[in-house]
Asks: 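Just dropping this structure here.
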Amino acid sequence: MDYSTANSAPPSSITVAKFGGTSVADFTAMSRSAKIVIANPDTKIVLISACSGVTNILVELANGVSDACTRQQRLQQLTQTHQDVLDQLKQPSSIQDAIYSLLDSVATLAEQAAIATSAQLTDQIVSHGELLSTYLFTQILVEQNAPAVRVDIRPIMRTDDQFGKAVPQPEQIKQQAETQLLPLLDGNIVVSQGFIGSNSQGVTTTLGRGGSDYSAALVAEAVNASTLEIWTDVPGLYTTDPRITPAAQPIKEISFSEASEMANFGAKILHPSTLVPAVRQQIPVFVGSSKAPEQGGTWIRQSVEDAPLFRALALRANQTMVTLTSLNMFHAYGFLAEVFRILAEHKISVDLITTSEVSVSLTLDQTDTGGGAPTLPLKAVEELSQLCRVEVEQGLSLVALIGNQMSDTKGSAKDIFGALEDHNLRMICYGASPHNLCFLINEDEAKDVVRTLHASLLE
């Protein structure tokens with residue numbers, strides 16, 4: 001790495017660009033994404049994900065593959081994915097030793113995981129996807145005559161030590177970025193990793209599945225970027241998932257508030273936490289397709305000209321509803337405080353909540369790097385059971401309607417619920433935010449509900 005510019009001033013206008021797994025899936029995809037980077041002279045920091053499919057293989061290995069033959073097959077898949085890119089480089093020798101060393105490391109760690117797994121070991125294994133892809137992408141940029149340097153993000157992306165779903169420390173990230181990142185930006189394009197970080201002891205952590213976008217937003221905040229670009233495989237945000245509803249329409253511009261609701265309630269293009277750092281620093285976010293950059297995309301800004309009553313629909317599968325029932329709750333104080341004390345003690349994040357006289361229902365939606373379904377730890381169930389009856393229900397999906405001033409607009413509820421008269425809705429949450437109405441429904445009905453609402457309200 002060239003540190004000759006270490007004392008130079010960083011550029012005044014900085015774009016941070018993040019590329020997802022499909023945008024760096026293979027040599028062709030990486031070359032396409034490299035051209036997007038080079039086309040914008042303000043793009044100074046590029047964060048990328050692991051090559052498409054790689055994280056799934058690494059998670060499988062991290063969960064422990066006891067059969068040596070199966071384990072070897074997965075390692076071979078991993079090797080082939082990266083070897084295919086190496087074979088198409090003009091100068092593979094400059095990085096192949098580093099690539100092979102990382103692949104050897106995965107093999108060694110996978111053997112350990114076959115004996116005993118842990119969240120810390122999982123993070124260590126899974127992080128290799130991003131470490132590998134950044135070597136390849138940096139070299140592709142170099143071979144396209146771009147002044148690219150690869151930087152390990154882990155000393156910069158400081159987190160706590162909740163392996164699998166680590167919480168970033170923005171102040172520390174900013175301090176590290178000022179000393180280790182900003183000095184490199186004058187005359188260089190810095191390529192680094194999304195999704196991964198390290199705790200105060202330097203041990204590798206991950207931000208949980210989908211955390212690459214969040215990483216990019218944190219880096220953008222830390223360097224006072226003027227723009228954050230999220231490059232994926234679709235041209236921006238849509239009124240709903242086009243795979244569910246072919247009539248879904250692209251959204252050209254959307255407010256931070258609406259986009260945050262969409263991300264939080266299941267729009268897979270954005271990680272739920274992505275916009276938080278961008279909102280703090282008022283950084284405009286662009287979401288576009290690396291496969292078709294000419295199609296444009298979606299701009300996410302603080303305020304927009306067009307703010308319709310109904311903007312979009314989001315769907316979030318794999319929901320867990322917990323219902324806590326106790327007659328002691330009737331006209332009593334302190335019951336909910338004790339419930340949330342227990343949940344906080346076990347670091348359980350509650351998403352939605354509704355209450356009645358004698359019960360409270362809430363949802364969990366926190367998945368970790370291992371891709372596990374949201375569950376209540378056994379110890380939490382035991383403590384809660386001393387207070388009340390605990391029922392845990394899965395096989396549910398969350399449908400969220402996103403818009404503006406919905407709870408303040410007469411007739412909007414009639415339009416929504418009238419369209420859904422043939423469906424049994426669960427746990428409706430309405431009025432807490434002017435930007436959403438959401439409810440649970442059985443998973444096997446969820447897509448039909450989205451299609452029905454889209455046809456009724458958005459087409």
Side-chain angles (χ1 to χ4, degrees), residues 236-270 272 275 298 300 303-321 323 350-356 359-365 393-459:
L237 300 175
Y238 277 71
T239 49
T240 196
D241 189 336
R243 293 170 296 185
I244 298 174
T245 305
Q249 295 295 312
I251 300 170
K252 294 300 180 187
E253 190 179 50
I254 190 170
S255 69
F256 278 132
S257 298
E258 295 169 288
S260 294
E261 299 283 4
M262 286 185 70
N264 191 51
F265 289 114
K268 291 183 173 58
I269 295 176
L270 287 176
L275 296 175
T298 302
I300 308 171
S303 58
V304 293
E305 291 181 13
D306 182 31
L309 178 61
F310 302 126
R311 172 77 83 181
L313 283 157
L315 174 63
R316 194 167 69 190
N318 197 28
Q319 296 297 283
T320 299
M321 181 170 71
T323 301
V350 172
D351 187 15
L352 305 180
I353 180 168
T354 60
T355 64
S356 72
S359 68
V360 55
S361 291
L362 48 89
T363 62
L364 315 173
D365 184 58
E393 189 176 347
Q394 294 184 316
L396 299 167
S397 287
L398 175 72
V399 176
L401 177 63
I402 315 299
N404 294 278
Q405 306 305 323
M406 289 192 294
S407 56
D408 300 331
T409 304
K410 290 182 179 178
S412 61
K414 179 183 176 183
D415 292 339
I416 298 162
F417 295 117
L420 298 174
E421 59 184 355
D422 295 332
H423 297 276
N424 181 31
L425 310 186
R426 309 282 301 278
M427 196 176 162
I428 300 165
C429 293
Y430 186 36
S433 164
H435 296 291
N436 83 68
L437 178 152
C438 51
F439 53 85
L440 293 180
I441 193 144
N442 289 335
E443 253 174 22
D444 55 2
E445 294 181 72
K447 291 182 180 179
D448 283 340
V449 164
V450 170
R451 283 189 280 265
T452 299
L453 275 177
H454 195 277
S456 176
L457 305 177
L458 295 167
E459 292 175 25

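In what follows, residues are counted from 1 in the order of the sequence shown. What you are looking at is a predicted structure, and each value in this text was computed from that prediction instead of being measured.
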Asks: How long is the straight-line distance from CG of N442 back to CG of D448, given to the nearest 0.5 Å?
Replies: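 The distance works out to 12.0 Å.
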Asks: Could you tell me the separation between the NE2 atom of H423 and the CZ atom of R426, rounded to the nearest 0.5 Å?
Replies: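 Taking NE2 in H423 and CZ in R426, the distance rounds to 15.0 Å.
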Asks: Scan L453, L458, V450 and name whichever one has a side-chain contact (heavy atoms from CB on, under 4.5 Å) with T240.
Replies: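 Filter result, single survivor: V450.
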Asks: With T354, which residues qualify under side chain to side chain donor-acceptor pair (under 3.5 Å), at least two apart?
Replies: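 With neighbours one apart ignored, the set is empty.
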Asks: State the CD-CG distance between Q319 and L398, to the nearest 0.5 angstrom.
Replies: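 Nearest 0.5 Å value for the CD-CG distance: 5.0 Å.
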Asks: Grab the two heavy atoms, one from A312 and one from Y238, that are nearest each other, plus how far apart they are.
Replies: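 The pair with the smallest heavy-atom distance is CB-O, 4.1 Å.
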Asks: Could you measure the distance from the CG atom of L313 to the CG atom of N436? Nearest 0.5 Å is fine.
Replies: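 It is 11.5 Å, given to the nearest 0.5 Å.
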Asks: When you compare the side chains of S257 and S260, does any donor N or O come within less than 3.5 Å of an acceptor on the partner?
Replies: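 No pair is found: no donor N or O on one side chain lies under 3.5 Å from an acceptor on the other.
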Asks: How about F439 and V449: do any of their side-chain heavy atoms sit closer than 4.5 Å?
Replies: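 When only atoms from C-beta onward are counted, V449 and F439 do touch, with a gap below 4.5 Å.
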Asks: What are the two closest heavy atoms between E443 and S397, and how far apart are they?
Replies: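 Heavy-atom minimum between the residues: CG-OG, 3.0 Å.
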Asks: So, T320 versus Q394: side-chain donor-acceptor pair below 3.5 Å or not?
Replies: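 Yes, side-chain donor-acceptor contact under 3.5 Å.
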Asks: Rounded to the nearest 0.5 Å, what's the gap from CD on E459 to OG1 on T239? Could you check?
Replies: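 Rounded to the nearest 0.5 Å, the CD-OG1 separation comes out at 7.5 Å.
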Asks: Can you see whether E261 engages H435 through a side-chain donor-acceptor pair at a distance of less than 3.5 angstrom?
Replies: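 No pair is found: no donor N or O on one side chain lies under 3.5 Å from an acceptor on the other.
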Asks: I254 versus V304: any side-chain heavy-atom pair under 4.5 Å?
Replies: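 No, every pair of side-chain atoms sits at 4.5 Å or beyond.
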Asks: Which heavy atom of N404 sits nearest to which heavy atom of P308, and what is that distance?
Replies: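 Heavy atoms of N404 and P308 come nearest at ND2-O, 2.9 Å.
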Asks: Any side-chain hydrogen bond (donor to acceptor under 3.5 Å, both in side chains) involving residues 305-315? Give me the pairs, sequence neighbours left out, ordered by first then second residue.
Replies: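 Output for this query lists E258-R311.
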Asks: Would you give the length of the straight line joining atom CD1 of I300 to atom CG of L237, rounded to the nearest 0.5 angstrom?
Replies: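 The CD1 atom of I300 sits 5.0 Å away from the CG atom of L237.
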